[in-house]
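Worksheet for the structure shown next.
Read the numbers this way: they start at 1 and go in the same order the structure lists the ligands and their atoms. We use all heavy atoms of the structure for the numbers below, so side chains are in, but hydrogens, waters and symmetry mates are not. Numbering starts at 1 and runs along the sequence shown. Remember, it's a predicted structure, so these values are computed and weren't measured experimentally.
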Amino acid sequence: MIKNLKKLPLTLTKEEHIKENSNYLRGTITNDLKNKITNGFTGDNFSLIRFHGMYQQDDRDLRVERNQQKLEPRYAMMLRCRLPGGIISSKQWVKIDAFASKNTLYGTIRLTNRQTFQLHGILKKQLKNIHQILHKLGLDSLGTANDVNRNVLCTSDPMQSQIHQECYEWAKKISDYLLPQTKAYAEIWLDQKKVLSTDNEPILGKSYLPRKFKTTVVIPPHNDVDLYANDMNFIAIIENNIIVGFNVLIGGGLSITHGNKQTWPFLALELGYITIDKTLSVAKSIVTTQRDWGNRTNRKNAKTRYTIEKVGLDIFKKEVEKRANITFEPIRFYSFTTRGDTIGWKKDINNHWSLTIFIQNGRICDNNHQLLKSGLLQIANVHPGNFKLTSNQNIIISEISNENKNKIEQIAKSYKLITKISKLRENSMACVSFPTCPLAMAEAERMFSFFITKVENIMLKYNMEKEIIVLRISGCPNGCGRSLLAEIGLIGKSIDRYNLYIGGNRIGSRIPKIYKENITEKEILLHLKFLIKNWSIYRKENEDFGDFVIRKKIVKEVINPIHDFWN
Ligand code: SRM
Ligand code: SF4
């Protein structure tokens with residue numbers, strides 16, 4: 001079967017040629033950096049800078065105006081830092097904050113739902129500066145975008161057990177192990193000497209991966225990382241308070257293309273259990289199997305889930321076993337019960353405190369309601385510990401000593417970092433979308449707060465205001481807001497219009513089903529009013545919203561997404 005795959009007549013995608021001819025991701029980026037005529041990157045470099053952790057964007061609110069003035073679009077870069085497990089020290093935070101304030105068009109820091117941060121609006125002339133700042137801080141942005149293993153997630157645990165520390169170390173190890181080895185990043189951004197002869201990509205290969213690749217390390221029963229959306233997942237198996245190994249799950253992913261039934265969301269599948277010593281070689285074998293078997297002729301079908309569908313899980317598994325020289329053991333028992341972050345104060349096992357702060361959509365800025373950016377900076381200035389970024393776009397101030405607790409609480413209160421919010425808001429999120437995302441079809445982050453307030457009013461009307469619903473909004477079917485793992489998911493269709501999906505579950509192991517297509521916010525609210533009212537009247541005791549709409553057959557349960565998602 002695999003031999004046949006290799007014999008298929010291949011028309012490689014444009015991106016494959018770009019990678020192959022890039023001289024290990026160098027392209028002509030250095031020439032573009034010297035080019036003062038445009039604020040953007042040209043030709044292949046537009047795509048190649050992504051491997052270095054940056055996206056070229058332009059402010060979509062300004063497009064028409066600049067076009068009328070015959071000006072080039074307002075090009076600026078978004079940079080995404082690599083931060084496996086989401087941990088950043090206070091010292092690092094202070095410097096990042098200073099760069100964001102002084103050198104970006106928007107002056108904000110944006111926490112992402114993959115435990116890192118993005119800086120939007122960096123002009124080309126500031127790029128070397130930010131890379132060199134990152135480098136001095138022991139950080140980088142390598143491998144946070146394009147066809148490589150992305151920022152590795154790890155369950156955020158404010159309780160800081162030894163287990164969590166170990167899992168975090170694994171997230172870091174896996175991230176480092178799978179990083180591109182090219183020296184292009186160091187040469188271009190850090191002015192290090194050219195050492196062409198040493199270039200070699202033993203794991204990723206000269207053409208890198210067929211598509212993006214996402215990895216998690218998870219500590220059950222908390223599924224905050226939404227593991228089922230990822231290509232490769234290591235679920236920690238703990239015996240006598242020690243991690244003995246991992247259950248390995250592969251092939252998750254959420255993006256679709258509207259109307260294209262050859263695309264579907266998919267939940268990661270179980271491969272088997274491995275002892276902890278096999279972790280890196282299994283990671284390498286999964287990545288190289290996907291590297292060699294993944295579709296390089298159609299990017300819409302290039303992710304691991306499509307490779308698995310094409311060859312079958314058993315054949316994929318056998319190949320991983322062969323490459324890693326192991327046999328997977330049967331999956332060990334695990335279960336998930338939670339997904340959201342617990343906002344507020346908690347004591348850890350070392351008698352230190354942590355404070356989890358809700359950051360709406362991960363956007364760190366000062367506004368009329370909250371001084372999030374100034375407040376976090378103030379905390380970073382007095383707090384010797386770490387900040388932990390969560391997969392729900394929130395932040396945990398960790399390792400706070402008893403002596404420092406009052407001081408931090410005072411700052412948090414005076415800058416209004418601690419606010420009373422509904423369970424609905426706490427458990428919901430939106431992707432970035434307009435104005436920076438070039439792929440946005442409808443608003444997400446900018447409409448989130450107003451929209452949630454309206455849904456909160458519906459909840460209040462039916463006495464459901466204390467209940468949780470996981471509600472997520474994505475501005476397009478790429479689904480960055482992980483709407484296709486929500487109890488209520490909105491996906492942008494065009495300006496002011498969305499598809500409404502319902503019936504995911506609370507812990508993120510069920511894909512929701514389309515309920516209404518191409519509707520306006522007003523229509524969405526009418527449907528939600530009807531659904532929430534019925535849920536309030538007819539729910540079984542403590543029944544979650546997502547489970548209710550499935551039990552009542554308001555939508556059909558998506559069991560096998562390949563067959564059930566579209567039909
Ligand atoms: Fe995403 C592309 C933002 C998590 C699926 N995503 C983009 C870009 C870079 C647009 C682009 O290609 O030009 C967006 C930048 C907007 C901006 O202005 O900042 C973008 N994605 C985000 C973030 C910031 C959303 C957020 O609000 O937190 C998340 C950054 C994560 C990170 O730190 O690495 C983000 N993106 C996700 C997720 C969720 C996840 O990984 O848990 C998904 C769905 C899961 C999956 O991969 O299946 C996701 N983003 C995509 C896709 C579709 C990929 C595919 O398989 O087809 C694209 C488009 C693409 O890659 O071609 C995309
Ligand atoms: Fe942009 Fe679409 Fe991702 Fe939202 S879901 S950030 S609109 S690519």
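Those atoms of ligand 1 with a heavy atom of H120 less than 4.0 angstrom away are 17 (C), 18 (O), 19 (O). Interface atoms of ligand 2 facing A440, defined by a heavy-atom separation under 4.0 Å, are 7 (S). When each atom of ligand 1 is checked for a heavy atom of M78 under 4.0 Å away, the hits are 15 (C), 19 (O). Set against the non-hydrogen atoms of Q393, the atoms of ligand 1 under 4.0 Å away are 26 (C), 27 (O), 28 (O). Distances below 4.0 Å separate heavy atoms of S255 from the following atoms of ligand 1: 48 (O), 53 (C), 54 (C), 55 (C), 56 (O), 57 (O). Numbered from 1 in the order shown, with element, the atoms of ligand 2 that lie under 4.0 Å from a heavy atom of G479 read 5 (S). Short contacts between ligand 1 and T116, defined as distances under 4.0 Å to a heavy atom of the residue, involve ligand atoms 33 (O). Close contacts between ligand 2 and G475 involve ligand atoms 4 (Fe), 5 (S), 7 (S) [criterion: under 4.0 Å to a heavy atom]. Every atom of ligand 1 with a heavy atom of G253 under 4.0 Å away is listed here by number and element: 48 (O).
When the shell of 6.0 Å around NZ of K284 is examined, it contains 12 or fewer heavy atoms from other residues, nucleotides or ligands. By the neighbour-count criterion of 12 heavy atoms within 6.0 Å, atom CD of Q262 is sparsely surrounded, having that number or fewer from other residues, nucleotides or ligands. The local environment of NE2 in H135 is sparse, with at most 12 non-hydrogen atoms from other residues, nucleotides or ligands closer than 6.0 Å. Surrounding CG of D496 are at most 12 heavy atoms belonging to other residues, nucleotides or ligands under 6.0 Å away.
Of the protein's non-hydrogen atoms, the one nearest atom 33 (O) of ligand 1 is T112 OG1, 2.7 Å. In terms of protein heavy atoms, atom 43 (C) of ligand 1 is closest to K214 NZ, 3.4 Å. At the shortest separation from atom 29 (C) of ligand 1 among protein heavy atoms lies N113 OD1, 3.4 Å. In terms of protein heavy atoms, atom 1 (Fe) of ligand 2 is closest to C437 SG, 2.3 Å. At the top of the distance list for atom 32 (C) of ligand 1, counting protein heavy atoms only, stands R114 CB, 3.3 Å. Taking atom 2 (Fe) of ligand 2 as the reference point, the nearest protein heavy-atom neighbour is C476 SG, 2.3 Å. Nearest to atom 5 (S) of ligand 2 among the protein's heavy atoms is C480 N, 3.3 Å. Looking only at heavy atoms of the protein, atom 14 (C) of ligand 1 is closest to C437 SG, 4.0 Å. Nearest to atom 5 (C) of ligand 1 among the protein's heavy atoms is N478 O, 3.3 Å. With hydrogens left out, the protein atom closest to atom 18 (O) of ligand 1 is T436 OG1, 2.7 Å, a heavy atom.
Looking at R80, its side chain never comes within 3.5 Å of a backbone N or O of T112 through a donor-acceptor pair. Panel note: side chain Q393, backbone A430; a donor-acceptor pair is recorded below 3.5 Å. A distance-only check finds a donor-acceptor pair linking the side chain of N151 to the backbone of R114 [under 3.5 Å]. In this structure, the side chain of S483 engages the main chain of L490 through a donor-acceptor pair within 3.5 Å.
Of the residues listed (K19, E201, E16), the one engaging Y208 in a side chain to side chain donor-acceptor pair (under 3.5 Å) is E201, and it is the only one. Put simply, the residue from V218, T215, V152 that forms a side-chain contact (heavy atoms from CB on, under 4.5 Å) with F234 is T215.
Note that atom 22 (C) of ligand 1 has protein non-hydrogen atoms nearby, at separations under 4.0 angstrom.
Checked by atom type, the side-chain pair Y75/Q56 shows no donor-acceptor distance below 3.5 Å.
Between R211 and D231, no side-chain nitrogen of the basic residue sits less than 4.0 Å from a carboxylate oxygen of the acidic one, so the salt-bridge criterion is not met. Using a cutoff of 4.0 Å between basic side-chain nitrogens and carboxylate oxygens, R363 and E445 are scored as salt-bridged. A salt bridge links R299 with D147: at least one charged nitrogen is closer than 4.0 Å to a carboxylate oxygen. K513 has no carboxylate O lying under 4.0 Å from a charged side-chain N of D564, or vice versa, which leaves the two without a salt bridge.
Using a 4.0 Å heavy-atom cutoff, S433 is listed among the residues neighbouring ligand 2. Ligand 1 has at least one atom lying under 4.0 Å from a heavy atom of L254. Ligand 1 lies less than 4.0 angstrom from a heavy atom belonging to A430. The shortest heavy-atom distance from R211 to ligand 1 is under 4.0 Å. Heavy atoms of R50 come nearer than 4.0 angstrom to ligand 1 in at least one pair. Under a 4.0 angstrom heavy-atom cut-off, L439 registers as being in contact with ligand 1. Residue contact annotation: K300 has no non-hydrogen atom under 4.0 Å from ligand 1. Heavy-atom separations between G479 and ligand 1 include at least one value shorter than 4.0 Å.
At least one N or O atom of Q118 sits closer than 3.5 Å to an N or O atom of ligand 1. Residue-to-ligand polar distances keep Y55 apart from ligand 1: every N/O pair is separated by 3.5 Å or more.
With a 4.0 Å cut-off on non-hydrogen atoms, E445 does not touch ligand 1 at all. Of the heavy atoms in P438, only side-chain atoms (C-beta onward) come closer than 4.0 Å to ligand 1.
Nearest-heavy-atom check against atom 30 (C) of ligand 1 across R82, R80, Q56 picks out R80. Among M429, R110, R150, the residue whose heavy atom lies closest to atom 27 (O) of ligand 1 is R110. The heavy atom nearest to atom 54 (C) of ligand 1, considering only K212, R363, K303, R60, is found in K212.
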Q. Side chain to side chain contact (heavy atoms under 4.5 Å, CB included) between I235 and F336: does it pass, once the steps are laid out?
A. CA-CA 11 Å; I235 302 178; F336 290 106; 4.1 Å; yes
Q | Audit row: T304, F316, side chain to side chain contact (heavy atoms under 4.5 Å, CB included) steps and yes/no | A | CA-CA 10 Å; T304 318; F316 199 104; 4.2 Å; yes
Q: Let me see the working for D140 and R82 under salt bridge (charged side-chain N to carboxylate O under 4.0 Å, His left out), right down to the final yes or no.
A: CA-CA 6 Å; D140 59 67; R82 184 170 70 95; 2.9 Å; yes
Q) salt bridge (charged side-chain N to carboxylate O under 4.0 Å, His left out) between K388 and D341: does it pass, once the steps are laid out? A) CA-CA 12 Å; K388 293 179 177 172; D341 298 337; over 6 Å; no
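Aromatic rings of Y306 and W264 (six-membered ring for Trp) have centroids within the 6.0 Å cut-off, being under it.
By the 30° and 60° cut-offs, the orientation of the rings of Y185 relative to H52 is parallel.
Look at C480 and atom 1 (Fe) of ligand 1: an N/O/S atom of the residue is under 2.8 Å from the metal. Here C431 does not reach atom 2 (Fe) of ligand 2: none of its N/O/S atoms is less than 2.8 Å from the metal.
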